[in-house]
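Comments concern the structure below.
These figures come from a predicted structure and were not determined experimentally.
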Amino acid sequence: MGIFSFNAIALAFLLAIISGAVNACPPSDREALLALSSSLKEPYLGIFDSWKGTDCCSNWYGISCDPTTHRVTDVSLRGESEDPILQKTGHSSSGYMTGTINPSICQLDRLTTLIIADWKGISSEIPSCLASLPNLRVLDLIGNSLSGKIPDQIGNLQKLTVLNLADNKINGEIPSSIIQLSSLKHLDLSNNLLTGEVPANFGNLKMLSRALLSGNQLTGTIPISIGNMYRLADLDISRNKIQGQIPAQLGKMKVLATLDLGSNMLTGEIPPAVLGSTGLGILNLSRNSLEGNIADVFGPKSYFMALDLSFNNLKGPVPGSLSSAKFVGHLDLSHNHLCGTIPVGTPFDHLEASSFDSNDCLCGNPLKTC
């Protein structure tokens with residue numbers, strides 16, 4: 001081999017090394033990820049075994065990078081998924097991880113997606129510095145044992161479209177800054193230990209399509225501003241301590257399909273606009289202290305997959321207009337003070353007696369005859 005050929009090979013080898021270094025993630029991103037993994041323990045699946053080598057953009061489980069800048073953009077670690085790595089052990093199809101979320105994650109200032117979800121045993125507070133990540137679009141920490149409060153400055157995340165902190169042990173109030181999340185489409189804070197009131201200006205979240213706040217200890221009333229959320233399709237504030245009356249504005253929302261206010265402390269009458277809404281397909285107002293008659297406002301455009309008004313103080317007859325509804329799948333009017341004859345025809349001909357149990361003086365099929 002001539003000197004020229006040898007030099008060419010050496011040059012090519014050197015260029016390959018330089019190219020690999022250039023295309024690798026920055027050492028600062030790699031160090032931030034290693035600090036994160038050092039704070040977490042995952043005993044069954046060995047997902048962090050792939051976090052080795054100098055290039056965290058190459059074959060590091062759950063890590064994605066920008067192809068141009070090679071900065072880390074996505075950290076996606078989900079304990080319950082269809083990923084083959086979760087099937088490789090005989091332990092379980094679900095992962096289990098303990099430890100804490102290291103604030104080093106905030107050094108990844110190009111991060112757009114952070115998913116550390118469904119690991120059950122991660123028990124730290126949410127690092128407050130996450131609110132300083134300018135490009136974050138998805139923050140999903142569902143299904144852990146996170147405690148502490150939601151960062152006060154969460155509203156700084158102007159690009160955030162998904163905020164999912166459900167099924168943790170997060171306490172404190174919903175930060176007032178949350179109404180500044182002008183791009184937010186999906187909010188899930190359910191099954192935590194949140195207290196205080198739903199922010200009065202919650203309706204400022206104009207892009208929101210799902211608001212899931214169930215299973216907390218929220219108090220106060222339902223903000224009237226929610227009626228201005230023209231994209232909201234799913235509102236669940238069940239299993240809290242919400243008081244006051246149901247705003248009639250909820251019945252005028254064009255795309256609201258699911259409204260679950262069950263297991264609260266609501267009082268007053270059910271607004272006719274809510275019962276007569278032709279968009280609502282699931283309406284649960286059970287286990288409150290609602291009173292008055294059930295408005296006779298149903299019609300051919302009424303379509304309820306589920307209508308649950310049980311365990312209230314409702315009185316009067318079962319509305320005859322329910323017979324004209326296009327569809328009523330599940331109906332529960334039990335445990336009220338209703339009286340009179342149950343209407344005949346659909347949907348009443350397919351309902352069980354349990355739909356009408358424990359009322360004052362209802363009669364007719366499927367109960368005893370009058």
Minimum heavy-atom distance Phe48-Ser37, with the two atoms named: CD2-CB, 3.8 Å
Backbone of Ser334 reached by a side-chain donor or acceptor of Asp357 within 3.5 Å: no
Any chance you could measure Lys206, atom NZ, to Tyr230, atom OH, to the nearest 0.5 Å? 7.5 Å
Output for pair (Leu34 CG, Cys56 SG), nearest 0.5 Å, gives 8.0 Å
State the OG-CZ distance between Ser358 and Phe311, to the nearest 0.5 angstrom. 7.0 Å
Does Ile115 share a hydrophobic cluster with Leu157, counting links as ILVMFWY side-chain heavy atoms below 4.5 Å and allowing steps through other members? no
Which distance, rounded to the nearest 0.5 Å, do you find between the CG of Leu108 and the SG of Cys25? 9.5 Å
If you round to the nearest 0.5 Å, how far is CG of Leu141 from CG of Asp188? 11.5 Å
Please indicate whether Ile224 has more than 12 foreign heavy atoms, meaning atoms of other residues, nucleotides or ligands, lying under 6.0 Å from its CD1. no
Glu291 side chain vs Thr267 backbone, donor-acceptor pair below 3.5 Å: no
Search all heavy atoms of Gly244 against all heavy atoms of Thr221 and return the closest pair with its distance. CA-CG2, 4.2 Å
Side chains of Ser355 and Asp332 only: does a donor on one sit below 3.5 Å from an acceptor on the other? no
Hey, are Asp109 and Arg71 close enough for a salt bridge, meaning a charged N less than 4.0 Å from a carboxylate O? yes
Check this for me: Asn59, atom CG, are more than 12 non-hydrogen atoms of other residues, nucleotides or ligands nearer than 6.0 Å? no
When you measure from the side chain of Asp236 to the backbone of Ser238, do you find a donor-acceptor pair of N or O atoms at a distance under 3.5 Å? yes
Does Asn264 form a side-chain hydrogen bond (donor to acceptor under 3.5 Å, both in side chains) with Arg287? I'd like the steps, not just the answer. CA-CA 7 Å; Asn264 277 290; Arg287 299 181 185 276; over 6 Å; no
Can you check whether Arg210's main-chain N or O pairs, donor with acceptor, with Asp234's side chain at less than 3.5 Å? no
I'd like to know if the side chain of Asn191 and the backbone of Asp167 have a donor-acceptor N/O pair within less than 3.5 Å. no
Does a side-chain N-to-carboxylate-O contact under 4.0 Å join Asp140 and Arg78? yes
Under the disulfide bond (SG atoms under 2.5 Å apart) criterion, do Cys57 and Cys65 qualify, and how do the steps go? CA-CA 6 Å; Cys57 295; Cys65 299; 2.1 Å; yes
Evaluate the criterion side-chain hydrogen bond (donor to acceptor under 3.5 Å, both in side chains) for residue pair Lys159 and Asn135; output intermediate values, then yes/no. CA-CA 6 Å; Lys159 295 183 179 180; Asn135 300 301; 3.3 Å; yes
Search all heavy atoms of Ser123 against all heavy atoms of Ser147 and return the closest pair with its distance. O-OG, 3.7 Å
Parallel, tilted or perpendicular, judged at 30° and 60°: which one describes the rings of Phe298 and Phe304? perpendicular
Is Glu125 reaching over with its side chain to a backbone N or O of Pro127, donor-acceptor style, under 3.5 angstrom? no
Give the minimum heavy-atom separation between Ala32 and Gln107, together with the two atoms involved. CB-OE1, 3.9 Å
Is the Cys129 SG less than 2.5 Å from the Cys106 SG? yes
Hey, what do you get for CG (Leu181) to OG (Ser183), rounding to the nearest 0.5 Å? 8.5 Å
With no hydrogens and no angle check, is any side-chain donor or acceptor of Thr73 less than 3.5 Å from a backbone partner on Leu111? no
Quick one: does Asn168's side chain have a donor or acceptor within less than 3.5 Å of a partner on Asn144's backbone? yes
CD (Glu352) with more than 12 external heavy atoms under 6.0 Å: no
Distance-only, no hydrogens or angles: does the Asp260 side chain make a donor-acceptor pair with backbone N or O of Gly262 under 3.5 Å? yes
Is Leu212 reachable from Leu163 through a run of hydrophobic residues whose side-chain heavy atoms are each under 4.5 Å from the next? no
Go through the structure and list residues passing side chain to side chain contact (heavy atoms under 4.5 Å, CB included) with Ala233, not counting sequence neighbours. none
Taking Asp66 for its side chain and Thr69 for its backbone only, find out whether a donor-acceptor pair lies under 3.5 Å. yes
